[in-house]
Amino acid sequence: MAHSGNADWLARSQAAVWHPCTQMRHHARSGSPEHLPLVPIARGSGAWLYDFDGKRYLDGISSWWTNLFGHANPRINSALTEQLETLEHVMLAGFTHQPVVELSERLSALTGGALGHAFYASDGASATEIALKMSCHYWRNVGRPEKDRFLCLAGSYHGETVGALAVTDMAIFRDAYAPLVRGATVVPSPDFRLGEPGETPGDVARRAAVALEQHLEAHGEATAALIVEPLIQGAAGMAMHDPEYLRLARALCDRFEVHLICDEIAVGCGRTGTFFAHEQADIRPDLMCLSKGISGGYLPLSVVLCSDTLYAAFLDDSVARAFLHSHSYTGNPLACRAALATLDIFDSDGVIAVNREKAAKIAAALAPLAANPQVRHLRQRGMIAAFDVPTDDPWFARKFYRAALAREALIRPIGNTVYLMPPYIVTDTEIALLGTAIQGALDEALSA
Ligand SMILES: *Cc1c(COP(=O)(O)O)cnc(C)c1O
């Protein structure tokens, strides 16, 4: 086929592809405030994406929080090539294979053995649904079927399939489908930005935990699980909270016999400075969801890890007491191999320690923003940095996004929150470029 440029792919994509999370009309509104440019990508290398016309973009948000070690990573590529030649796929019901066994063992070891079994799916929303179903089914199996309600935090995001929407507190994603959804109870978020004058993040966490306690005192008997995004509620706009909340929530879940589900889909795999975010609170959940970064950003893979106690309640002669859930590509060998190669890089490169230095450099690159009167709540935990921009312009995020692209940076704000979540291989020069792009894009977006 002849070489085609951006314009060609753009037109064909708009004609044939229904893009996710997008008002498709906005792609065609060139020159208007709402215009959402569609960027055709020809190839990727390291932290960079290249279009068909020779332009490049630094992937400041890890392609929707998935990519950890760069695009076309040679080590993950070679592991996948080898796996491709060996076994591309086999059903996991009644069959097993080396990558899925090794990955399950290694993930369990990463939890110190606390979560001893791994159940697989292909995306984050499915992992959420699996965790909810496992929790509810556990209570049924142990003779307490009345425990079937779920709790989530204000501003929570756990995916957009109908079951996951039940615990996703986002009107924009949920309202149109309200008749389909059996909503969970929303309890206050420990988001530190909600602090009253004089309150510390720890104070906000304790206040939110008191509300959780009050709810559980009244409704604990009917509650199956609390689901949280530990330390950072990503889609809410990188809302960060003190680990104290997780400690208190863990204790309350124990006291009221409620499962604690940690959704580490975005914050797991080293993002917040520890391999799992919940480690910073010195707790373990009963169930944990992983996806996004677990395959290095290569292949759709999600995992639900569960405690041995939970697992044991499904062992019985009766088939109906088993967890009868499945997806066609459950435990796909290629995806598991990508995850193993990703974990290998963590081990061989001392990634958690190296990221501490990179996080400090990101902090330094963004530090000048603290003096900008248009910047509020400059915050960071590990490899996620964010700030809020107090503007009433409904198209601020779009304007900023376009202005950043013009500066070779892929940075896509959530509402009025600008954030960085770069791949871990980002270099000092690239961090500096992201810092400069943010300053420039902020000025341009606010003046346009
Ligand atoms: C992205 C995300 C999900 C959903 O994952 P998908 O693969 O997009 O379905 C769930 N929870 C959190 C915290 C996420 O960031």
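Remember, it's 1-based here, ligands and their atoms both numbered in the order they're listed.
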Results of side-chain contact (heavy atoms from CB on, under 4.5 Å) for [X] - residues two or more places apart only:
X: A47; value: L58, P423, I425, E430
X: P390; value: Q374, R376
X: R206; value: T200, D203, E244, L248

**Request:** Please check if any side-chain donor atom of R250 sits under 3.5 Å from a side-chain acceptor atom of H278, or the reverse.
**Result:** no
**Request:** Indicate whether any N or O donor in one side chain lies under 3.5 Å from an N or O acceptor in the other, for T417 and H377.
**Result:**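 No pair is found: no donor N or O on one side chain lies under 3.5 Å from an acceptor on the other.
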**Fill in**
The side-chain contact (heavy atoms from CB on, under 4.5 Å) partner of C253 among V258, V228, L212, T223 is V258
**Request:** Quick one, list the residues around ligand 1 where some non-hydrogen atom comes in under 4.0 Å, by chain and residue number.
**Result:** W65, D123, G124, A125, Y157, H158, G159, E229, D263, I265, A266, K292
